[in-house]
Amino acid sequence: MELIIGHSPDPDDAFMFYALKRDLVKAPFTVREFLVDIETLNKIAIHGRIDVTAVSTHAMAYIGSRYYILRVGASMGLRYGPVVVGNTAKPELIAVPGTYTTATLLVRLAMPNVKTVEIPFDKIMDAVRAGVVDAGALIHEGQITYERYGLRKIIDLGEWWYEETKLPTPLGLDVVKASLGVEVAKAVKDALLESIRYAMSHREEALVHAMEFSRGLDMSDTDKFVRMYVNDYTMDMGIDGEKAIRTLLEMGYERGLLPEPQLLFI
């Protein structure tokens with residue numbers, strides 16, 4: 001059996017999927033890898049056109065009845081997450097990295113009175129520096145490099161989320177199409193867990209691979225970013241991780257931002 005597996009071309013995802021991609025762990029399926037930005041993966045999943053994929057937690061409000069959420073592979077941070085940066089304390093127009101990204105949902109929850117405009121994630125800092133927008137919500141490597149570009153933090157959305165809920169920030173998930181069946185979903189979960197364990201125990205080797213997707217980060221910054229989002233919650237999101245996902249989507253539903261979520265965990 002061959003599965004199409006999608007993930008974003010970012011250091012943390014590359015680190016997690018390294019061993020699975022290179023056949024360094026056993027799996028009862030072969031992998032056809034599909035690499036594209038997270039917002040595109042969200043939209044492909046909404047159309048149900050991919051077997052296994054990374055998605056934003058936000059997107060689960062729209063695909064929750066059609067994809068199993070794996071308790072392995074989640075990108076969660078405790079007291080940190082996407083960072084809104086800019087040159088004014090009271091921005092009116094904020095750049096966000098896509099309709100279905102979790103960063104966008106967090107901006108709308110934390111800053112309900114601002115207007116948002118979608119800009120590709122890797123162009124947001126340029127838009128802020130050029131004055132095209134008042135501020136921007138940064139994901140991926142921008143979270144740790146923005147100060148080098150003369151930008152200042154307005155709010156860390158992960159810190160805001162923790163103060164509101166005392167839960168980790170549930171940013172990204174790995175999911176399996178429910179129509180493939182529970183046994184396939186379990187097989188993917190087990191194989192991904194082994195892939196992450198391999199990367200953890202062969203860190204330098206996996207980081208060299210992750211560096212190929214680091215968009216200019218050096219090894220130290222790549223390691224820092226990977227440690228942020230490949231952590232204990234990635235190995236097993238646990239009760240707090242599942243609660244964080246449900247809480248985020250229910251909050252969005254209660255505020256009229258999302259349809260009522262239907263979630264399947266495995």
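It should be emphasised that the depicted structure is a prediction, and the values quoted were computed from it without experimental measurement. What's counted below: heavy atoms across the whole structure, side chains too, no hydrogens, waters or symmetry copies.
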Enquirer: Say whether Thr88 and Asp134, considering side chains only, have a donor N or O and an acceptor N or O under 3.5 Å apart.
Expert: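 Their side chains do not contain a donor-acceptor pair, so the 3.5 Å distance test is not met.
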Enquirer: Taking the basic N atoms (NZ, or NE/NH1/NH2) and the acidic carboxylate oxygens, is any pair closer than 4.0 Å for Arg215 and Asp10?
Expert: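 A salt bridge is present here (some side-chain N lies under 4.0 Å from a carboxylate O).
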Enquirer: Using modelled atom types only, decide if a donor and an acceptor are shared between the side chain of Ser65 and the backbone of Gln262 within a distance under 3.5 Å.
Expert: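 Side chain of Ser65 to backbone of Gln262: no pair is present.
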Enquirer: Should we say atom CG of Asp232 is surrounded by more than 12 heavy atoms from elsewhere, each under 6.0 Å from it?
Expert: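 No - once you tally the heavy atoms of other residues, nucleotides and ligands closer than 6.0 Å, there are 12 at most.
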Enquirer: Once rounded to the nearest 0.5 Å, what's the spacing between atom CD of Glu141 and atom CG of Asp221?
Expert: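 One gets 10.0 Å once the value is rounded to the nearest 0.5 Å.
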Enquirer: side-chain contact (heavy atoms from CB on, under 4.5 Å) between Thr53 and Val175: does it pass, once the steps are laid out?
Expert: CA-CA 6 Å; Thr53 187; Val175 300; 3.7 Å; yes
Enquirer: How far apart are the closest heavy atoms of Leu157 and Ala110, and which atoms are they?
Expert: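 For Leu157 versus Ala110, the nearest heavy atoms are CD2-CB, 3.9 Å.
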Enquirer: Out of curiosity, Leu93 CG to Lys115 NZ, how far, rounded to the nearest 0.5 Å?
Expert: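 Result: 8.0 Å between the selected atoms.
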Enquirer: Do you know which two heavy atoms are closest between His58 and Thr102, and how far apart they sit?
Expert: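 In terms of heavy atoms, the two residues are closest at N-OG1, 3.3 Å.
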Enquirer: Run the side-chain contact (heavy atoms from CB on, under 4.5 Å) check on His7 and Glu33 step by step: do they pass?
Expert: CA-CA 8 Å; His7 67 81; Glu33 191 178 44; 2.8 Å; yes
Enquirer: In terms of hydrophobic clustering (I, L, V, M, F, W, Y; side-chain heavy atoms under 4.5 Å; direct or indirect links), are Ile245 and Trp160 co-clustered?
Expert: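 The answer is yes; both residues are in one hydrophobic cluster.
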Enquirer: Count the heavy atoms belonging to other residues, nucleotides or ligands that lie under 6.0 Å from CD of Glu118, then report whether that count exceeds 12.
Expert: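 It does: Glu118 CD has more than 12 such atoms within range.
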Enquirer: Does a side-chain N-to-carboxylate-O contact under 4.0 Å join Asp223 and Arg227?
Expert: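 Counted as a salt bridge, because a side-chain N and a carboxylate O are separated by less than 4.0 Å.
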Enquirer: Let me check something: do Met16 and Val72 share a hydrophobic cluster, defined by ILVMFWY side-chain heavy atoms less than 4.5 Å apart, either directly or through other members?
Expert: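 Yes; tracing contacts between hydrophobic side chains, which count when under 4.5 Å, links both residues.
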Enquirer: Is it possible for you to say whether Tyr68 and Ile63 belong to one hydrophobic cluster, with membership spreading through side-chain heavy-atom contacts below 4.5 Å?
Expert: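 As far as the 4.5 Å side-chain criterion goes, Ile63 and Tyr68 are not connected within one cluster.
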Enquirer: Would you mind reporting whether Ile38 and Leu41 have side-chain heavy atoms less than 4.5 Å apart?
Expert: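 The answer is yes, as the side chains (C-beta and beyond) meet within the 4.5 Å cut-off.
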Enquirer: Give the cluster check for Val133 versus Ile155: same hydrophobic cluster or not, with ILVMFWY residues linked at side-chain heavy-atom distances below 4.5 Å.
Expert: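 Per the 4.5 Å side-chain linkage, Val133 and Ile155 are not co-clustered.
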Enquirer: Using only atom types and a distance under 3.5 Å, with no angle test, would you say the side chain of Lys186 pairs donor to acceptor with the backbone of Ile266?
Expert: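 Side chain of Lys186 to backbone of Ile266: no pair is present.
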Enquirer: Please check: side-chain N/O of Ser214 versus main-chain N/O of Pro11, any donor-acceptor pairing under 3.5 Å?
Expert: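 No, the answer is negative, given that no donor and acceptor are paired below the 3.5 Å cut-off.
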Enquirer: Supply the atom-to-atom distance Leu249 CG to Thr247 OG1, rounded to the nearest 0.5 angstrom.
Expert: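 With rounding to 0.5 Å, CG (Leu249) is 9.0 Å from OG1 (Thr247).
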Enquirer: Say you draw a straight line from CG of Leu109 to CG of Leu248; how long is it, rounded to the nearest 0.5 Å?
Expert: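 If I round to the nearest 0.5 Å, the distance is 6.5 Å.
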Enquirer: On a heavy-atom basis, which atom in Val128 and which in Gly86 lie closest, and how many Å separate them?
Expert: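 Looks like CG1-CA, 3.8 Å.
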Enquirer: Within the supplied structure, the quantity of interest is the number of heavy atoms (other residues, nucleotides, ligands) at a distance under 6.0 Å from Lys243 NZ; does it exceed 12?
Expert: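 Counting other residues, nucleotides and ligands, NZ of Lys243 stays at 12 neighbours or fewer.
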Enquirer: Can you measure from CD (Glu2) to CG (Asp51) and round to the nearest 0.5 angstrom?
Expert: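 That separation rounds to 8.5 Å.
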Enquirer: Please assess Arg71 against Glu242 for the test salt bridge (Lys or Arg N to Asp or Glu O under 4.0 Å), listing each intermediate value before the final yes or no.
Expert: CA-CA 8 Å; Arg71 289 187 168 87; Glu242 182 173 333; 2.8 Å; yes
Enquirer: For Tyr67 together with Tyr62, are the ring centres under 6.0 Å from each other?
Expert: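 Centroid distance Tyr62-Tyr67: not below 6.0 Å, so no.
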Enquirer: Can you name the closest pair of heavy atoms from Ser56 and Thr101 and give their distance?
Expert: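 Looking at all heavy atoms of both residues, the shortest contact is OG-CA, 3.5 Å.
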Enquirer: Between Thr169 (side chain only) and Gly81 (backbone N and O only), is there a donor and an acceptor less than 3.5 Å apart?
Expert: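 No, Thr169 side chain to Gly81 backbone: no donor-acceptor pair under 3.5 Å.
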Enquirer: Indicate the atoms forming the closest heavy-atom contact of Ala244 with Pro168, along with that distance.
Expert: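 Between these two residues, the closest heavy atoms are CB-O, 3.3 Å.
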Enquirer: So, taking the atom named CD in Glu163 and the one named CG in Asp156, what distance separates them when rounded to the nearest 0.5 Å?
Expert: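 Rounded to the nearest 0.5 Å, the CD-CG separation comes out at 10.5 Å.
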Enquirer: Main chain of Leu167, side chain of Thr165: is a donor-acceptor contact present, judged purely on distance under 3.5 Å?
Expert: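 Judged by distance alone, yes, a pair lies under 3.5 Å.
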Enquirer: For a side-chain contact (heavy atoms from CB on, under 4.5 Å) check, start with the C-alpha distance between Val117 and Val132, then their side-chain angles and the critical distance, and finish with the verdict.
Expert: CA-CA 10 Å; Val117 59; Val132 174; over 6 Å; no
Enquirer: Between Glu39 (side chain only) and Thr99 (backbone N and O only), is there a donor and an acceptor less than 3.5 Å apart?
Expert: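 Indeed, once roles are kept as given, a pair shorter than 3.5 Å links the two residues.
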Enquirer: Determine whether Val55 and Met60 make a side-chain contact, defined as any pair of heavy atoms from C-beta on separated by less than 4.5 Å.
Expert: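 In short, these two side chains touch, coming nearer than 4.5 Å.
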Enquirer: Given side chains that start at C-beta, do those of Leu193 and Met235 come closer than 4.5 Å, heavy atoms only?
Expert: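 Answer yes - side chains close enough.
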Enquirer: Is Phe213 close to Leu35 at the side-chain level, that is, under 4.5 Å between some pair of heavy atoms?
Expert: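 Heavy-atom side-chain distance check passes, below 4.5 Å.
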Enquirer: Could you tell me if the side chain of Ile124 sits less than 4.5 Å from the side chain of Pro97, heavy atoms only?
Expert: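 Yes, at least one pair of side-chain atoms sits under 4.5 Å.
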Enquirer: According to a 4.5 Å side-chain heavy-atom criterion applied to Ile, Leu, Val, Met, Phe, Trp and Tyr, with indirect links allowed, do Leu24 and Phe29 form part of one hydrophobic cluster?
Expert: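 Linked within one cluster.
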Enquirer: Considering residues, nucleotides and ligands other than Arg152, do more than 12 of their heavy atoms fall under 6.0 Å from its CZ?
Expert: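 Result for CZ/Arg152: enclosed.
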Enquirer: Indicate yes or no: at least one non-hydrogen side-chain atom of Leu105 is less than 4.5 angstrom from one of Tyr100.
Expert: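 When only atoms from C-beta onward are counted, Tyr100 and Leu105 do not touch, as no gap falls below 4.5 Å.
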Enquirer: Are more than 12 heavy atoms, taken from residues, nucleotides or ligands other than Glu164, located less than 6.0 Å from that residue's CD atom?
Expert: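 Enclosed.
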Enquirer: What I'd like to find out is whether the side chain of Val208 reaches to under 4.5 Å of the side chain of Met219, using heavy atoms alone.
Expert: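 Yes, their side chains come closer than 4.5 Å.
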Enquirer: Taking the side chain as every heavy atom from C-beta outward, state whether Val176 and Leu3 have any pair of such atoms under 4.5 Å apart.
Expert: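 Val176 vs Leu3: side chains apart.
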Enquirer: Surrounding CZ of Phe265 (heavy atoms of other residues, nucleotides or ligands, distance under 6.0 Å), is the total greater than 12?
Expert: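 Count over threshold, so yes.
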Enquirer: Within 45 degrees of the ring normal and closer than 6.0 Å to the centroid, is that where the cationic atom of Lys123 sits relative to Phe121?
Expert: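 No, Lys123 does not lie over the aromatic ring of Phe121.
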Enquirer: For the pair Val25 and Leu20, evaluate side-chain contact (heavy atoms from CB on, under 4.5 Å) and give the outcome as yes or no after the intermediate values.
Expert: CA-CA 6 Å; Val25 294; Leu20 191 55; 4.1 Å; yes
Enquirer: Minimum heavy-atom separation for Thr104 and Gly98, please, with both atom names.
Expert: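 For Thr104 versus Gly98, the nearest heavy atoms are OG1-O, 2.6 Å.
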Enquirer: Tell me whether the count of non-hydrogen atoms from other residues, nucleotides or ligands lying under 6.0 Å of NZ in Lys224 goes above 12.
Expert: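 12 or below, so no.
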